[in-house]
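Report on one structure; see the data block that follows.
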Amino acid sequence: MTAPAIEPSDINLNNPEHFQREEFHELLRILRHRDPVHWNPPGEVSNGFWSITKYEDILFISRRPEIFISSKGIAGPGIKPERLAELDFAAQQQNAGGNASIITMDPPRHVKMRRLVNKGFTPRAVNAMEPEIRRVTNEILDRIAHKGECDFVLEVASQLPLAVICGMMGVEQKDWPLMFELTNKVLGSGDPEYQTDIPEEERGTGQAARLTAMKGLQTMLEYFRGVLEDRRQNPRENDLPTILLEAEVDGEKLTEGDILQFCFLLIVAGNETTRNAISGGLQVLCQHPDQKRALIEDYSLMDTAIEEILRWTSPLHHMARTATEDVELRGKQIRAGDRVLMWYPSANRDEDIFPDPYRFDIRRTPNDHLAFGIGEHFCLGAGFARKELKVMFEELFRRFPDIEVVGPPERLRSTFINGIKHMPVQFTPER
Amino acid sequence: MKVRVKAEMCEGHGKCEKAAPEIFKLGDDDISIVLIEGDLPKELEEKAERAYRLCPRQAIELIP
């Protein structure tokens, strides 16, 4: 008995269940082998879209940010224009703060805005922060040290990236749990666990997801309105909100809407993805005990191990772009206005690039994965992500070398974020 | 083949310097500098192409 073969035409990647149940790697493999530029038909309210699954094709699209633009949306297929009004989503989005952040901005303005902050994210800036990252990491580990078991996501993996980005944004420690909660609402909006503002019987629907994301966004913008109010009176050193308030682009100050969206982006992007790379990294290392042991015995393997964890976990499932002109790709006609989704976990398991791609190998080299994207929109926080992963695993394994995942991780219901919500671990407590 | 770095795109990741130290060097401001003015020696073209491919920001231009 074999299961009936899945045809590319059966595959609908706009279904978060595939991602929650971790079936997506197999579906992506089928598309990559048999229909690498795949038209995914529209849903009831969502647009149709092209699924791009080959490494070279994602490079091709990423290198042409003027043709494949971000300003029409970067996550998911988007909502059919004729359904927007009825869902009242566009109006809500405008009310929520209007302007775009750099992740949904195109050339030439994108680079100008990005340059306002990128000095804080260079390898040099990241290295200067390493002692502080190590101190914070050990504070986090101190809190679990006596327990012998914990929810690794809530108590460890989420805490480091949250502390680092909140520190850079000047968010007071008492508000970090709020930032965590709001990030979950925005990026985990499709998961009923985070739809706490929606009556229980209505959770799990597309509309519940849209309202949850909107509520998270609005609350976060409101919070940063307060932060900006404060920084106008009390500017701070090395503080991203202050830098943005003082910055000019083309001789003009940023609008409050611009700054709010920027702050929002930095908070959510800064804490969700690295969290999942840390959790997913520990998970995959525990699934490969020989490699975990080798790493613990030889930290000189850490750099290549981190790259392999990034390739393996691919914390973002996709980024979306919208074509502004007709483009032919592998014989398929992508029309102006069409949405394309670049599936990073597929590029990162492309047999044409990675030998034996379904093998986890902490020594893999070269490892030119696309976990951070590439080109114009390359992840601004990549340096911090790498450093946080490295310091976390160095300190975690130094203090708790026998840490093990002891139950199935609970995965996020999302087509966008490769999230782990909860993961039970056990370890020998420190005396 | 000539090589150029778009300084406004470069964010100092240093992949180019690692892939082709004969051609690229990170300056004090973390922006990559091209060490070879004019045409590259033939034997360095492959390395230049690898650096072009690896640059996270696609900040390298190869001019045939």
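Each chain gets a letter, A, B and so on, in the order the sequences are listed, and its residues count up from 1.
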- [ ] Look at A/Glu376, A/Arg114, A/His377, A/Lys119 and state which one has the largest set of heavy-atom pairs under 4.5 Å with chain B.
- [x] A/Arg114
Open item on the list: With a 6.0 Å cut-off (strictly less than), is the heavy-atom count around NZ of B/Lys6, excluding the residue itself, greater than 12?
Closed with: yes
TODO: Mark yes when over 12 heavy atoms from residues, nucleotides or ligands other than A/Asn238 sit less than 6.0 Å from its CG; otherwise mark no.
DONE: no
Task: Neighbour count >12 (heavy atoms, 6.0 Å) for atom CD, B/Glu37 - done: no
Open item on the list: Tell me whether A/Glu252 at atom CD has more than 12 heavy atoms from other residues, nucleotides or ligands lying less than 6.0 Å away.
Closed with: no
Open item on the list: Give me the atom names and distance for the closest heavy-atom approach of B/Gly12 to A/Pro123.
Closed with: O-CG, 2.9 Å
Task: B/Glu46 atom CD, over 12 foreign heavy atoms within 6.0 Å - done: no
Open item on the list: Taking CG in B/Asp28 as the centre, count heavy atoms belonging to other residues, nucleotides or ligands within less than 6.0 Å. Is the count above 12?
Closed with: no
Task: Ionic contact status for A/Glu56 with B/Arg53, cut-off 4.0 Å - done: yes
Task: A/Leu370 versus chain B, the contacting section by heavy-atom distance below 4.5 Å - done: neither
TODO: For B/Gln58 and A/Phe378, run side-chain contact (heavy atoms from CB on, under 4.5 Å): C-alpha distance rounded to whole Å, both residues' side-chain angles, the deciding distance at 0.1 Å, then the answer.
DONE: CA-CA 9 Å; B/Gln58 301 279 285; A/Phe378 178 79; over 6 Å; no
Task: Matching residue for A/Asp368 among B/Lys15, B/Arg50, B/Lys18 - test: salt bridge (Lys or Arg N to Asp or Glu O under 4.0 Å) - done: B/Arg50
TODO: Begin from the C-alpha positions of A/Arg115 and B/Glu11 and carry the test salt bridge (charged side-chain N to carboxylate O under 4.0 Å, His left out) through to its verdict.
DONE: CA-CA 9 Å; A/Arg115 282 170 63 83; B/Glu11 289 179 347; over 6 Å; no
